[in-house]
2 protein chains.
Amino acid sequence: MKEGPDIALIGSLIGDPARANMLTALMAGRALTATELATHAGITLQTASSHLSKLEAGGLLTQRKQGRHRYFQLAEDEVGLMLENLMGFAASRGMNRHRPGPKDPALRKARVCYNHLAGDYGVRMYDSLIAEKQIEVKGDDLALTPAGQSRIEALGIDYAALKKSRRPICRTCLDWSERRSHLAGSLGEALLTLFIDKGWAKREANSRAIRFTANGDKAFSELFPQ
Amino acid sequence: MKEGPDIALIGSLIGDPARANMLTALMAGRALTATELATHAGITLQTASSHLSKLEAGGLLTQRKQGRHRYFQLAEDEVGLMLENLMGFAASRGMNRHRPGPKDPALRKARVCYNHLAGDYGVRMYDSLIAEKQIEVKGDDLALTPAGQSRIEALGIDYAALKKSRRPICRTCLDWSERRSHLAGSLGEALLTLFIDKGWAKREANSRAIRFTANGDKAFSELFPQ
DNA sequence: GGGATGCTTCGACTACGATCGAAGTATGAA
DNA sequence: TTCATACTTCGATCGTAGTCGAAGCATCCC
């Protein structure tokens with residue numbers, strides 16, 4: 001009895017609809033203010049404030065003060081991974097809050113998973129990187145090969161900077177729409193940033209969806225052939 | 001707003017301490033009766049009954065009637081995997097219900113994860129199988145190699161029977177104590193059953209811990225060298 | 001300074017869900 | 001049949017957590 005870690009604590013944190021909405025909104029990767037999160041959850045600012053402090057106490061969120069705003073975001077990569085995993089499970093049980101709407105296909109095609117690319121595009125990129133041996137599965141985690149390293153540097157990603165951080169560079173994340181792995185970690189983040197900086201892809205407002213431009217689509221397909 | 005699957009539903013199911021205790025108890029893999037689960041959770045039978053019907057409605061549990069008993073167990077492999085994943089997250093946040101006690105080391109050494117072996121032994125077995133190319137990572141999932149197939153048949157496992165089932169034979173599961181992968185799926189289950197049938201290992205009562213005998217220890221090390 | 005805006009804290013209300021006693025159903029044993 | 005066990009359903013109670021109004025800080029702008 002009473003063995004192991006306390007899953008009830010996290011469960012209850014996620015279990016409240018208002019908090020779940022906030023977390024889902026934060027899965028889009030942007031840091032959001034308390035007011036924004038309140039409207040996302042459909043509650044008043046006071047209530048949101050109380051929820052946010054609980055989520056922060058539980059280690060799911062961190063806040064940054066900037067002027068008179070407080071920006072909240074998911075505390076670490078692990079939080080995003082855990083949430084995506086839960087979403088996958090919920091989706092597999094048919095626990096959907098909405099009948100699949102017009103937005104759904106866009107989300108399945110390409111979306112933000114906290115800070116990296118997910119959906120069909122995310123999986124395609126991952127598969128391509130594996131097939132071309134630029135990343136490889138090493139025991140339990142993912143590693144960048146020398147070939148992969150020079151490749152991403154050619155793209156303009158600062159490998160040294162990635163390496164300096166304590167965060168893992170590569171890591172897998174389970175996709176709830178595709179039910180397949182895609183690339184997370186600081187490299188996953190850097191790649192998504194790159195696509196956006198280059199103007200290949202754009203985030204849709206108030207959504208996790210990512211829209212690729214015609215050029216971006218072409219460039220992406222060339223970079224990551226099927 | 002309101003995108004994606006409803007994580008609040010599962011969250012709230014897991015979020016109640018009584019239900020979390022029941023689920024944790026069921027992670028030991030045995031099917032338990034309502035009365036047993038009630039004592040595990042420290043509540044009366046009536047309350048337990050209400051919780052159990054909720055968990056069943058949520059698709060986390062299934063029940064089997066046997067005489068006047070009702071045996072409850074986790075609905076599918078996915079449920080166990082999801083719970084172990086949550087435990088891993090909770091453990092990483094230091095959310096423990098108890099100060100690490102005397103039982104803790106035993107659990108870390110070898111324990112049941114729903115229906116397969118986890119802990120140090122589970123990870124060792126997994127690593128060994130990979131190193132000897134008896135299972136291999138194939139894209140996103142695990143596959144038994146021809147060498148692995150004849151190997152497990154030599155051990156007395158009915159490969160044809162495993163293959164017939166719709167369940168995946170091999171699959172990875174994230175270990176919350178080791179933070180590494182170990183082998184789940186029907187093969188994982190068959191192997192654990194084998195160890196117990198051969199008398200190499202024994203389940204401890206009312207615990208997820210598994211105790212290997214001296215002989216079992218030796219046999220295990222020979223079968224799965226480091 | 002004065003007046004927004006953004007957010008937190010306090011206090012009170014409310015509703016939902018966990019809880020258990022009591023009664024009801026089903027299975028098994030004698 | 002009768003009694004015992006295993007469990008469910010009903011009904012009532014009770015606590016707690018979510019909710020918001022009002023007031024209190026903090027920051028920024030003019």
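Numbers restart at 1 for each chain; the letters A, B, ... are given by sequence-line order, proteins then strands.
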Rounded to whole Å, please give me the gap between [atom1] in [X] and [atom2] in [N].
X	N	atom1	atom2	value
M22(B)	dT19(C)	CE	C1'	12 Å
L37(B)	dT8(D)	CG	C1'	15 Å
L55(A)	dG18(D)	CG	C1'	13 Å
I43(B)	dG21(C)	CD1	P	13 Å
L45(A)	dT8(C)	CG	C1'	8 Å

Counting only side-chain heavy atoms from C-beta out, which of [options] sits nearest to [X]?
X	options	result
T44(A)	dG18(D), dC20(D), dG21(C)	dC20(D)
K54(B)	dC20(C), dA18(C), dT19(D)	dA18(C)
Q46(B)	dT9(D), dA18(C), dC20(D)	dT9(D)

Short side-chain to backbone donor-acceptor contact, [X] and [Y], under 3.5 Å:
X	Y	value
H116(B)	C113(B)	yes
R208(A)	V112(A)	yes
E36(B)	T33(B)	yes

Non-hydrogen atoms of [X] and [Y] that approach each other most closely:
X	Y	result
L13(A)	G58(A)	CD1-CA, 3.9 Å
V79(A)	G59(A)	CG2-O, 4.2 Å
A75(B)	R93(A)	CB-NH1, 4.2 Å

T47(A)-S50(A) side chain donor-acceptor pair, cut-off 3.5 Å: no

Strand-adjacent residues in residues 26-36 of chain A, judged by heavy atoms under 4.0 Å from DNA chain D: none

Contact list for DNA chain D against residues 59-70 of chain B - heavy-atom distance below 4.0 Å: R68(B), H69(B), R70(B)

Given L60(B), L55(B), L52(B), the one that forms side-chain contact (heavy atoms from CB on, under 4.5 Å) with R19(B): L55(B)

Side chain to side chain donor-acceptor pair (under 3.5 Å) between E56(A) and S53(A), intermediate numbers included: CA-CA 5 Å; E56(A) 198 183 1; S53(A) 60; over 6 Å; no

Watson-Crick or G-U pairs under 3.5 Å in DNA chain C, rendered as dot-bracket with [ ] for crossing pairs and | for another strand: ||||||||||||||||||||||||||||||

Plane angle bin for Y121(B) and F220(B) - parallel if under 30°, tilted between 30 and 60°, otherwise perpendicular: tilted

Geometric class of the F195(B)/F212(B) ring pair [parallel <30°, tilted 30-60°, perpendicular >60°]: tilted

N/O (side chain, T47(A)) to phosphate O (OP1/OP2, dC20(D)) under 4.0 Å: yes

Side-chain N or O of H51(B) closer than 4.0 Å to phosphate OP1/OP2 of dT19(C): yes

